[in-house]
*Asks:* 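Just passing along the structure, written as structure tokens.
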Protein chains: 2
Amino acid sequence: MALRHAVLAALLDAELSGYQLAKSFGMGVANFWHALPQQLYAELARLEKDGLVAGREVVQDSRPNKRLFTVTGAGLAELERFTAESAKPSFMRDDLVVKVHSADHVDTAPLIAQLTERAGFARAKAELFTRLLEAMRGSRTEEEFLRRGERVGPYLTCLAGLAYEQVNQQWCERTAAVLRERQTARADR
Amino acid sequence: MALRHAVLAALLDAELSGYQLAKSFGMGVANFWHALPQQLYAELARLEKDGLVAGREVVQDSRPNKRLFTVTGAGLAELERFTAESAKPSFMRDDLVVKVHSADHVDTAPLIAQLTERAGFARAKAELFTRLLEAMRGSRTEEEFLRRGERVGPYLTCLAGLAYEQVNQQWCERTAAVLRERQTARADR
DNA sequence: CGGTCGTACTCAAGGAAGTGAGTAGTCAGA
DNA sequence: TCTGACTACTCACTTCCTTGAGTACGACCG
């Protein structure tokens, strides 16, 4: 029951279709959760069945019809309940980190490549988040916006995403540099 | 097949029992992965069946016997293969972030409490990692250790954990402060 | 005018992960 | 001496997430 609340939270900001949700959860604006389209359609169906969201059909010509969803009163209440209950600690879970852990026992060349690639992705995501933040706060300074803006939730989660991607990038670059140096040092012997 | 490699990587550094693994994966030294005891026992059984680890019984008096596991040649080869295959991108997945996303629509008091609590945990974990790093590098500087140390994998993953916990702590504190300020600002109106 | 891309969604199946309960002996402290 | 905590592990169940395939139609490009 975790995706469930992520979907509700996402629908607070805008009325969206399953497809649009899938886009932002697949990446794009998914600064706070990730899920595949199938999961989202399934979850939306369950949420609607439970009365936490309401869908309305939108007829489109020159492209398939779609269903837009909004959070109901019951949905808001459920979010309220969820937010009040104590959060379980979050854990890091990343293939790349596991690979680095065993770096002393395996060939590091492909690892360095993966770290470099990951650093690039992290940089791109960080830049995207930076632009999103600018768009949200408009002409105001961050301080000002956080003090008096109307909707700071998405801004704060975007800040989390930015910070996460920045350290991710730094760590990947540093780690790649260390492994590269050790590789050449070994070759010299 | 993700926990699988995390277990193999953990066993590279030391011969461990399921119970000991469970301790470090449950927290403690689990700077790079998290899992519950049941998962680990099941995974160890599968790994042994597949010949990737070998267990040996250690008879103890005054406490239950245990089985210690080591990585076999096949296990190392599997890790090698895993490390070479390209990594899928990692995603942030955190209840707390979801809650913050909906902060504008719900009562923030319990959220602030959770953020403060999380900040405390993150701080404690960061301190633990700092001490672990010191212990690993001994009298050497970080630079020196990373250049010439024998086993830098665990050190690098610990650095990742440290960086992660530090930004986590900062974000939680900042977010809690923002929400607190907005709460009092609202009360003043 | 044919191929590919984008919108919008569905179905089926499998593996990974989390939840809860239980066993059984040892040791330290109230 | 009883309680609770620690070591060491097992079994059963459920829910979540991923993988892979498939439908349908319009739009854009060469």
*Asks:* Once the angle between the rings of Tyr155(B) and Phe145(B) is folded into 0 to 90°, is it parallel (under 30°), tilted (30 to 60°) or perpendicular (over 60°)?
*Replies:*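 Rings of Tyr155(B) and Phe145(B): tilted, as their planes differ by 30° to 60°.
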*Asks:* Give a yes or no on whether a salt bridge exists between Glu134(A) and Arg131(A), defined as a side-chain N under 4.0 angstrom from a carboxylate O.
*Replies:* no
*Asks:* More 5' along DNA chain D: Arg93(B) or Phe69(B), using each one's nearest nucleotide?
*Replies:*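 Nearer the 5' end of the strand: Phe69(B).
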*Asks:* If we only count heavy atoms from C-beta on, is the His105(A) to Leu8(B) side-chain gap below 4.5 Å?
*Replies:* no
*Asks:* Can you find a side-chain donor-acceptor pair between Glu173(A) and Gln169(A) that sits under 3.5 Å?
*Replies:*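 Gln169(A) and Glu173(A) do have a side-chain donor-acceptor pair below 3.5 Å.
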*Asks:* Can we say Arg81(B) and Glu78(B) salt-bridge, meaning some charged N sits less than 4.0 Å from an Asp/Glu carboxylate O?
*Replies:*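 A salt bridge links Arg81(B) with Glu78(B).
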*Asks:* Closest nucleotide of DNA chain D for Lys88(B) versus for Tyr41(B): which of these residues is on the 5' side?
*Replies:*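 Upstream on the strand: Tyr41(B).
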*Asks:* For the pair made of CD in Gln20(A) and P in dT7(C), what is the distance, rounded to whole Å?
*Replies:* 10 Å
*Asks:* Could you tell me how far apart Leu36(A) (CG) and dA8(C) (P) are, to the nearest whole angstrom?
*Replies:*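 My rounded result for the distance is 19 Å.
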*Asks:* To the nearest Å, how far apart are Asn65(A) CG and dG6(C) P?
*Replies:*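 The distance from CG of Asn65(A) to P of dG6(C) comes to 21 Å, rounded to the nearest Å.
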*Asks:* When the distance from CG of Leu16(A) to C1' of dC9(C) is rounded to whole Å, what number comes out?
*Replies:* 16 Å
*Asks:* DNA chain C: Gln38(A) or Leu3(B), which has the more 5' nearest nucleotide?
*Replies:* Gln38(A)
*Asks:* Do the side chains of Glu165(B) and Leu128(B) get nearer than 4.5 Å, heavy atoms only?
*Replies:*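 With C-beta onward as the side chain, the pair stays apart.
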*Asks:* Would a single hydrophobic cluster contain both Leu132(A) and Trp171(B), if residues Ile, Leu, Val, Met, Phe, Trp and Tyr are joined by side-chain heavy-atom contacts under 4.5 Å?
*Replies:*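 In one cluster: yes.
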*Asks:* As a test of understanding, state which of Phe82(A), Phe32(A), Trp33(A) forms a ring-ring contact (aromatic ring centres under 6.0 Å, His included) with His5(A).
*Replies:* Phe82(A)
*Asks:* In whole angstrom, what separates His34(B)'s NE2 from dG18(C)'s P?
*Replies:* 7 Å
*Asks:* Quickly work out the Gln60(A) CD to dT7(C) P distance and round it to whole Å.
*Replies:*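 Value for this atom pair: 11 Å.
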*Asks:* Hey, is Arg67(A) close enough to Glu48(A) for a salt bridge, meaning N to O under 4.0 Å?
*Replies:*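 Looking at Glu48(A) together with Arg67(A), the answer is yes, because their closest N to O distance falls below 4.0 Å.
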*Asks:* Nucleotide range of DNA chain D contacted by chain A, 5' to 3', under 4.0 Å to a heavy atom?
*Replies:* dC16(D) to dA27(D)
*Asks:* Would Lys66(B) and Glu15(B) pass as an ion pair if we require N to O under 4.0 Å?
*Replies:* no
*Asks:* Taking only nitrogen or oxygen atoms into account, show me every contact under 3.5 Å that the protein makes with nucleotides 2-4 of chain C, one pair per line with its distance.
*Replies:*
none

*Asks:* Minimum heavy-atom separation for Val97(A) to Thr157(B), with atom names?
*Replies:* O-CG2, 3.2 Å
*Asks:* Return the value, rounded to whole Å, for the distance between atom CZ of Phe25(B) and atom P of dA17(C).
*Replies:*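 That distance rounds to 11 Å.
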*Asks:* What's the CZ-C1' distance between Arg4(B) and dA17(C), to the nearest Å?
*Replies:*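 Rounding to the nearest Å, CZ of Arg4(B) and C1' of dA17(C) are 15 Å apart.
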*Asks:* To the nearest 10°, give me the bend of the helix from dC1(C)-dG30(D) to dA30(C)-dT1(D), comparing the axes of its five terminal pairs at either end.
*Replies:* 40°
